Amino acid sequence: MVTLVVATTTDPASYGPATALLAMPGWQPGPTFQGVSSFVNGEVRLLQHDKGIVEEDDLDMRWEEVTGQVVDEIIFLSKHTAVSNRPALTLHPIGIPHLKDGDVPPQGGKPGWAALPSPRMGPWLMLLKKIAKSHNLIPEFEITLEATHHGPVTSKPTLFVEIGSTEEHWKRKDAANVIAQLVWEGLGLGGSDAVGNWDSKSGSNKVLLGLGGGHYVPRHMEIVWKKGTRVGHLLSGYSLPMEDPSQAKGDAASKDIGGTWKVAIKVSYEATKAAFPGGEILAHLDQKSFKGWQKNAITEYLHELNIKVGKPGDF
């Protein structure tokens, strides 16, 4: 079982951390396939290509076909953009489960799909904050999770690790070194134990499935910071499109509320459940971000799917 770390030469926030990581001990050249070069270090394979980071689908399956090595997980190194231009180091799962067939994905992936979220996400958020602080990047850089969004298509647990939010920040060597150190320590390349390996019988087996809120999911993150909770998919409000029942004739029951919100929840729950075998998946709602009819409909649908709703104290 191997871990793929994927970078692109076209993105300084991807190439920089990859270069810093390759400067650490133990790397050897690996096979080149379909225009993708690779480097080997223990059970980790660093892949580099020259396309946009979201453009190379199925790298896990393609690696398995070429090498015969089974891929266990994928870590992507990428840039982050934000209107605020605030410097940030971010982690997030990927997928576009709210899009429907015929929609054109703006940043890769496929409509109605969510990748398996990496079980490392919560523990790595804590580790990232620790490393960033030791490199004096805090408080200049915000350390945060992002909601589920974009591609590329993968079949194994996947995590995006990003530097934001402008070209000046993407090229920062200190930020690149922090991300490289996160991957190095997080995957146990220095000889210590890897951080975030999932074991449902060791410690808490509860996993947060976040529903609602903005792109940086602050209310879900409050629980992660305080409880050290494992994190699955994080669906912000824009990934839960719901048609207002007041626009329909008569009183619309929650089951009749249109939009792709049900598909988004179901797909994201199933992916989270698959990524955390033996885990107890608890949906956490950003209550203040929903209108009453939205909250009622979502709660009713979660009950139909036998998904428990967790309050902060339940984690």
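What you are looking at is a predicted structure, and each value in this text was computed from that prediction instead of being measured.
Between the side chain of His92 and the backbone N or O of Thr90 there is no donor-acceptor pair closer than 3.5 Å. Using a distance-only test at 3.5 Å, with no hydrogens or angles considered, a donor-acceptor pair links the side chain of Asp57 to the main chain of Val153. Side-chain atoms of Glu64 come within 3.5 Å of backbone atoms of Val71 as a donor-acceptor pair (strictly under, hydrogens ignored). Under the 3.5 Å distance criterion, the side-chain polar atoms of Asp103 are left unmatched by any main-chain donor or acceptor of Leu99. A distance-only check finds no donor-acceptor pair linking the side chain of Asp72 to the backbone of Val2 [under 3.5 Å]. A donor-acceptor distance shorter than 3.5 angstrom exists from the side chain of Asn41 to the backbone of Pro25, with no hydrogens or angles considered. Counting only distance, with no hydrogens or angles, the side chain of Asp286 and the backbone of Leu211 share no donor-acceptor pair below 3.5 Å. Put simply, the side chain of Arg45 gets close to the backbone of Gly42: a donor and an acceptor are under 3.5 Å apart. Remark: the backbone N or O of Gly213 is paired with a side-chain donor or acceptor of Ser289 at under 3.5 angstrom. Listed for the Thr8 side chain is no donor-acceptor partner under 3.5 Å among the backbone atoms of Ile53.
Taking Tyr216 as the reference, His80 meet the ring pair (Phe, Tyr, Trp, His ring centres under 6.0 Å) condition, with sequence neighbours excluded. Annotation: ring pair (Phe, Tyr, Trp, His ring centres under 6.0 Å) contacts of Trp198 (sequence neighbours excluded): Phe276. Residues that satisfy the side chain to side chain contact (heavy atoms under 4.5 Å, CB included) test with Lys311, not counting sequence neighbours, are Asp314.
Annotation: ring pair (Phe, Tyr, Trp, His ring centres under 6.0 Å) contacts involving residues 121-146, sequence neighbours excluded, comprise Phe141-His169. For residues 56-78, the set of pairs meeting the ring pair (Phe, Tyr, Trp, His ring centres under 6.0 Å) definition, not counting sequence neighbours, comprises Phe33-Trp63, Phe76-Phe160. Applying the salt bridge (charged side-chain N to carboxylate O under 4.0 Å, His left out) rule to pairs touching residues 225-237 yields nothing, sequence neighbours excluded.
By the criterion of side-chain heavy atoms lying less than 4.5 angstrom apart, applied directly or through intervening Ile, Leu, Val, Met, Phe, Trp or Tyr residues, Val207 is grouped together with Leu302 in one hydrophobic cluster. A chain of hydrophobic side-chain contacts below 4.5 Å, direct or via other Ile, Leu, Val, Met, Phe, Trp or Tyr residues, connects Tyr269 to Phe290. Tracing side-chain contacts under 4.5 Å through hydrophobic residues (I, L, V, M, F, W, Y), one never reaches Leu47 starting from Leu159; they form parts of separate clusters. Ile94 and Val267 sit in two unconnected hydrophobic clusters of ILVMFWY residues. Membership requires side-chain heavy atoms under 4.5 Å apart, directly or through other members. When the side chains of ILVMFWY residues are joined at heavy-atom separations under 4.5 Å, either directly or via intervening members, Leu189 and Leu4 end up in two distinct hydrophobic clusters.
Using a 4.0 Å cut-off between charged nitrogen and carboxylate oxygen, Arg172 and Glu140 count as a salt-bridge pair. Checked for salt-bridge contact, Glu167 and Lys79 miss the test: no charged N lies under 4.0 Å from a carboxylate O. Note on Lys156 versus Glu73: no salt bridge recorded, every NZ/NE/NH1/NH2 to OD/OE distance being 4.0 Å or above.
A 4.5 Å side-chain heavy-atom check between Trp27 and Val44 finds at least one atom pair inside the cut-off. Counting heavy atoms from C-beta outward, Pro111 and Pro105 have side chains that approach closer than 4.5 Å. Looking only at side-chain heavy atoms (C-beta outward), Leu234 and Leu208 come within less than 4.5 Å of each other. Put simply, the side chain of Thr81 reaches to within 4.5 Å of the side chain of Trp170, judged on heavy atoms. The closest side-chain heavy-atom distance from Ile298 to Ile265 is below 4.5 Å. A 4.5 Å side-chain heavy-atom check between Ile179 and Leu21 finds every atom pair outside the cut-off. Taking the side chain as every heavy atom from C-beta outward, Thr299 and Leu285 approach each other to under 4.5 Å. Using a 4.5 Å heavy-atom threshold, the side chains of Lys273 and Glu270 count as separate.
Under a cut-off of 6.0 angstrom, the local environment of NZ in Lys129 is sparse, with at most 12 non-hydrogen atoms contributed by other residues, nucleotides or ligands. By the neighbour-count criterion of 12 heavy atoms within 6.0 Å, atom OH of Tyr15 is sparsely surrounded, having that number or fewer from other residues, nucleotides or ligands.
Leu89 contributes atom CG, which lies 10.5 Å from atom CD1 of Ile131 (distance to the nearest 0.5 angstrom). Between the OG1 atom of Thr229 and the NE2 atom of His220 there is a distance of 12.0 Å, given to the nearest 0.5 Å. Distance CG/Asp199 to OG/Ser202: 5.0 Å, rounded to 0.5 Å. Between the OG atom in Ser38 and the CG atom in Leu59 there is a gap of 11.5 Å [rounded to 0.5 Å]. One finds the CG atom of Leu235 at 6.5 Å from the CG atom of Leu209 (value rounded to the nearest 0.5 Å). Expressed to the nearest 0.5 Å, how far CG of Leu77 lies from CD1 of Ile75 amounts to 8.5 Å.
A pairwise comparison of heavy atoms in Lys110 and Ile96 identifies O-CG1, 3.3 Å as the closest pair. Nearest heavy atoms, Gln34 versus Val66: NE2-CG2, 4.4 Å. Here the closest heavy-atom approach between residue Asn177 and residue Ala20 is recorded as OD1-CB, 3.5 Å. Annotation for Leu187 and Arg120: closest pair CD2-NE, 3.7 Å, computed over non-hydrogen atoms. Considering every non-hydrogen atom in both Ile257 and Met242, the closest pair reads CG2-CB, 4.2 Å. Contact between Gly122 and Val231 at its shortest, heavy atoms only, is CA-CG2, 4.0 Å.
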- Mind running side-chain contact (heavy atoms from CB on, under 4.5 Å) on Gln294 and Trp261 for me, showing each step along the way? CA-CA 10 Å; Gln294 293 175 314; Trp261 60 282; over 6 Å; no
- Task: Carefully, step by step, assess Gln48 and Leu46 under the rule side-chain contact (heavy atoms from CB on, under 4.5 Å).
- Result: CA-CA 7 Å; Gln48 283 189 340; Leu46 193 152; 3.6 Å; yes
- Message: What verdict does the side-chain contact (heavy atoms from CB on, under 4.5 Å) test give for Met121 and Leu145, after you've listed the backbone C-alpha separation in whole Å, the side-chain angles of each residue and the deciding distance to 0.1 Å?
- Response: CA-CA 9 Å; Met121 184 162 43; Leu145 297 176; 3.7 Å; yes
- Item | Chi angles and distances behind the side-chain contact (heavy atoms from CB on, under 4.5 Å) call for Val161, Leu182 | CA-CA 9 Å; Val161 182; Leu182 172 69; 3.9 Å; yes
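At a cut-off of 3.5 Å, with distance as the only test, no side-chain donor of Gln287 or Arg219 sits close to an acceptor on the other residue. Side-chain atoms of Tyr238 and His215 include a donor-acceptor pair closer than 3.5 Å. Checking Thr148 against His233 by side-chain atom types alone, a donor-acceptor pair falls below 3.5 Å.
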